[in-house]
Amino acid sequence: MAPLFALVDCNNFYASCERVFQPPLRGKPVVVLSNNDGCVIARSNEAKALGIEMGAPWHLHRDQFQKQGVIVRSSNYTLYGDMSGRVMRTLANFAPELEVYSIDEAFLNLSGFADPVAHSRLLRATVLQWTGIPVSVGIAPTKTLAKVANRLAKKSPDSCGVMALTSEADQVAALQRLELTDIWGVANRLAARLAALGIRTPLALRDTDPKMIRTSFGVVMERVVLELRGQSCLSLEEHSPDKKTIMASRSFGRTVTEEAEMREAVATYMSRAAEKMRRQGLVTASIGVFVNTNRFREQDAQYYGSQTVRLGIATADTAKLIRAALYGLSRIWRPGFSYKKAGVICLDLHQAAKLQGALFHQADDPGRLELMRLMDELNRRYGRGSIAFAAAGVKKGWALRSEHLSARYSTNAMELLRV
DNA sequence: TCTGGGGTCCTAGGACCC
DNA sequence: TCTGGGGTCCTAGGACCC
């Protein structure tokens, strides 16, 4: 069956969430600000009409907003996460397969539906009724074209929030109404490089030889071209894969100059990240710590420090991770700078459940420590990659100790050592 | 004698997304 | 004084192995 995707996108999501709980905000220009009330991260249509840009720093616009009667809200991510869940659960009633793409977007598989437009109108009305959130729907044979359709559904008042691009003629007409940077996967840098080759519009990109694009821009851009032509390269991903990294970072409301204060901040971020990690059933054997100064203050001395710390044993234990993070911080801390931001990243995440031997949870057990010592000895004596363990597809030292220290392999370890 | 070439791993950096 | 917080994927190049 020919693929047919619908992209459902919540309109001005954070601003719409605020309105659900404060109906008087309806019809008024509303903006939502980032952490520390730094900059604008969501705008109602009325705010957009006033020319307020995404990312506009609040401190530069505070007076203007006041004059224009713009209503300003600090962000409330718990609320938005909860509202997102309600929207997604509602959408799940409208398609056999659903991919939650972001907090405010989902792809639906509508292939085989007799009247996808009517279906999407019903979907739209239901989501509004059940959650109070207005959405737009774009329908097309590829995800990239569904994105295009969605954008046009938002732009065209007469579409009533649903736009389908099923025929090639419709697709061509739609692409003519957009800029290159409106295309999913094309931002300023790539648009500039494309323009240098004379490719200045979405239609021109669509009509460029994909092989040539692949040579000059790589496989990602080649897929964009094919998808614009109606050839589906990106499939629906129903099950979101495990995270590969987890980050916790913040900009400070004011600058930090004392190491003690920075240590406190890093410890807080680390415990936050560890919490996230445990909630997702993951562990890490490697974390990154970074600090940096305020890049907007060009008159200040700039510094960006980062350090990766390997733990040896994968864990989600907050205390162990904090110790490691503070060690990392001590390596990169330089006195004399005004720090603006810091954070930690959990790298190379693994599912705790898949790690055999429960080594990670009982690393203090003498028997297990002995086995680990044996494994280290093996590594030293035979070299990495030369023993049976490596043949099992083990990539890293710590993984060798973790994933393959089951009963089966530990027996082999003893035998190898006797040789 | 023949001094190649494929494969993997790691890191850094670039580009994109919401 | 004041400018967000997350993520993903790809590529290039060097080290190393066989």
Side-chain angles (χ1 to χ4, degrees), chain A residues 7 9-10 12-14 31-42 53-63 65 72 74-75 77 80-81 84 100-107 143-144 147 150-151 180-194 214-224 233-234 237 240-255 269 272-273 276 280 286 288 290 292-300 304 306-308 310 338 340-349 383-386 390-391 393-397 399:
Chain A
L7 173 64
D9 189 323
C10 300
N12 318 322
F13 184 53
Y14 296 169
V31 301
V32 176
L33 300 178
S34 65
N35 180 46
N36 289 328
D37 291 345
C39 62
V40 172
I41 54 170
E53 301 272 333
M54 190 72 166
W58 186 41
H59 74 271
L60 294 180
H61 295 82
R62 194 182 305 204
D63 296 341
F65 286 4
V72 177
S74 298
S75 42
Y77 294 102
Y80 309 149
S84 173
V100 177
Y101 176 68
S102 74
I103 193 165
D104 70 335
E105 282 174 80
F107 286 101
K143 282 181 161 183
T144 305
K147 277 270 192 186
N150 188 286
R151 188 170 280 267
L180 254 188
T181 50
D182 291 330
I183 303 301
W184 194 31
V186 184
N188 287 336
R189 314 244 171 169
L190 284 169
R193 283 178 57 203
L194 286 165
R214 181 176 188 136
T215 310
S216 306
F217 294 89
V219 59
V220 177
M221 187 64 92
E222 183 194 28
R223 280 200 286 259
V224 172
C233 306
L234 306 170
E237 311 284 344
S240 49
D242 286 340
K243 289 270 182 273
K244 294 174 178 171
T245 61
I246 284 176
M247 169 156 45
S249 70
R250 287 289 180 279
S251 293
F252 304 119
R254 53 184 175 76
T255 53
Y269 303 153
R272 217 175 272 162
K276 276 196 209 179
Q280 298 176 36
S286 179
F290 69 89
N292 51 279
T293 48
N294 188 344
R295 64 196 165 98
F296 294 102
R297 287 184 62 87
E298 288 169 15
Q299 66 272 35
D300 286 0
Y304 181 97
S306 73
Q307 175 81 36
T308 303
R310 290 174 202 279
S338 292
K340 183 62 187 168
K341 186 174 179 180
V344 298
I345 311 172
C346 304
L347 305 155
D348 296 324
L349 295 174
R384 219 175 78 186
S386 62
V394 179
K395 290 179 188 166
K396 295 174 188 167

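None of the values given here were measured: they were computed from a predicted structure.
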If you find the nucleotide of DNA chain C closest to A:Y14 and the one closest to A:I246, which residue's nucleotide is nearer the 5' end? A:Y14
Less than 4.5 Å apart, side chain to side chain, heavy atoms only: is that true for A:E237 and A:Y101? no
Aromatic rings A:Y304 and A:F290: how do their planes relate, parallel, tilted or perpendicular, breaks at 30° and 60°? parallel
Taking atom P of C:dT3 as reference, at what distance in whole Å does atom CZ of A:R62 sit? 11 Å
Between A:D348 and A:S286, a side-chain donor and acceptor under 3.5 Å: no
Is any side-chain heavy atom of A:L33 less than 4.5 Å from a side-chain heavy atom of A:C39? no
Is any side-chain N or O of A:S251 closer than 4.0 Å to OP1 or OP2 of C:dG5? yes
Value in whole Å for how far the C1' atom of C:dG5 lies from CZ of A:R272: 11 Å
What does A:D104 touch in the nucleic acid at a heavy-atom separation under 4.0 angstrom: a base, only the sugar-phosphate, or nothing? sugar-phosphate
Students often get this wrong, so: under 4.0 angstrom with heavy atoms, is A:Y77 touching a base, only sugar-phosphate, or nothing? nothing
Rounded distance (Å) that lies between atom P of C:dT1 and atom CZ of A:R297: 7 Å
Looking across every strand, which nucleic acid part, if any, lies under 4.0 Å from A:R254 by heavy atom: base, sugar-phosphate, or nothing? nothing
Looking at A:K147, I'd like to know whether one of its side-chain N or O atoms comes within less than 4.0 Å of OP1 or OP2 on B:dC18. yes
For DNA chain C, whose closest nucleotide is more 5', that of A:S249 or that of A:F217? A:S249
What contact category does A:A248 fall into here, base, sugar-phosphate, or nothing, at under 4.0 angstrom with non-hydrogen atoms? sugar-phosphate
Should A:N294 be listed as having a side-chain N or O under 4.0 Å from OP1 or OP2 of C:dT3? yes
Is the NZ or CZ atom of A:K341 positioned over A:F252's six-membered ring, under 6.0 angstrom from the centre and within 45° of the axis? no
Return the value, rounded to whole Å, for the distance between atom CD of A:Q299 and atom P of C:dT3. 12 Å
Looking at C:dA12, which nucleotide sits across from it as a Watson-Crick or G-U wobble partner, both distances under 3.5 angstrom, or is there none? B:dT11
How about A:R223 and A:L234: do any of their side-chain heavy atoms sit closer than 4.5 Å? yes
It should be established whether A:K244 places a side-chain nitrogen or oxygen under 4.0 Å from OP1 or OP2 of nucleotide C:dC9. yes
Categorize A:I183 for me: base, sugar-phosphate, or nothing, with a 4.0 angstrom heavy-atom threshold over every strand shown. sugar-phosphate
Spacing between A:F252 atom CZ and C:dC2 atom P, to the nearest angstrom: 13 Å
Find the partner of B:dC18: check Watson-Crick (N1-N3 plus N6-O4 or O6-N4) and G-U wobble (N1-O2, O6-N3) distances, both under 3.5 Å, and reply none if neither fits. C:dG5
With sugar-phosphate meaning primed atoms plus P, OP1 and OP2, does A:D37 contact a base, only sugar-phosphate, or nothing at under 4.0 Å between heavy atoms? nothing
Nearest-Å distance for atom pair CD1/C1', residues A:I41 and C:dG6: 11 Å
Which is true for A:R193 with a 4.0 Å heavy-atom rule: it touches a base, it touches only sugar-phosphate, or it touches nothing? nothing
Checking contacts here: which listed nucleotide (B:dC16, B:dC18, C:dG4) is nearest the side-chain heavy atoms of A:Y101? B:dC18
Can you find a pair of side-chain heavy atoms, one from A:I103 and one from A:F13, that are under 4.5 Å apart? yes
Figure out the CG/P separation between A:N35 and C:dG6, and round it to whole Å. 8 Å
Between CG of A:L347 and C1' of C:dG6 the distance, given in whole Å, is 14 Å
For C:dG6, does OP1 or OP2 lie under 4.0 Å from any side-chain N or O of A:T245? no
What contact category does A:W58 fall into here, base, sugar-phosphate, or nothing, at under 4.0 angstrom with non-hydrogen atoms? nothing
Under 4.0 Å, counting only non-hydrogen atoms across every strand here, what does A:R223 touch: a base, just sugar-phosphate, or nothing? sugar-phosphate
Base, sugar-phosphate, or nothing: which does A:I103 touch, judged by heavy atoms less than 4.0 Å apart? nothing
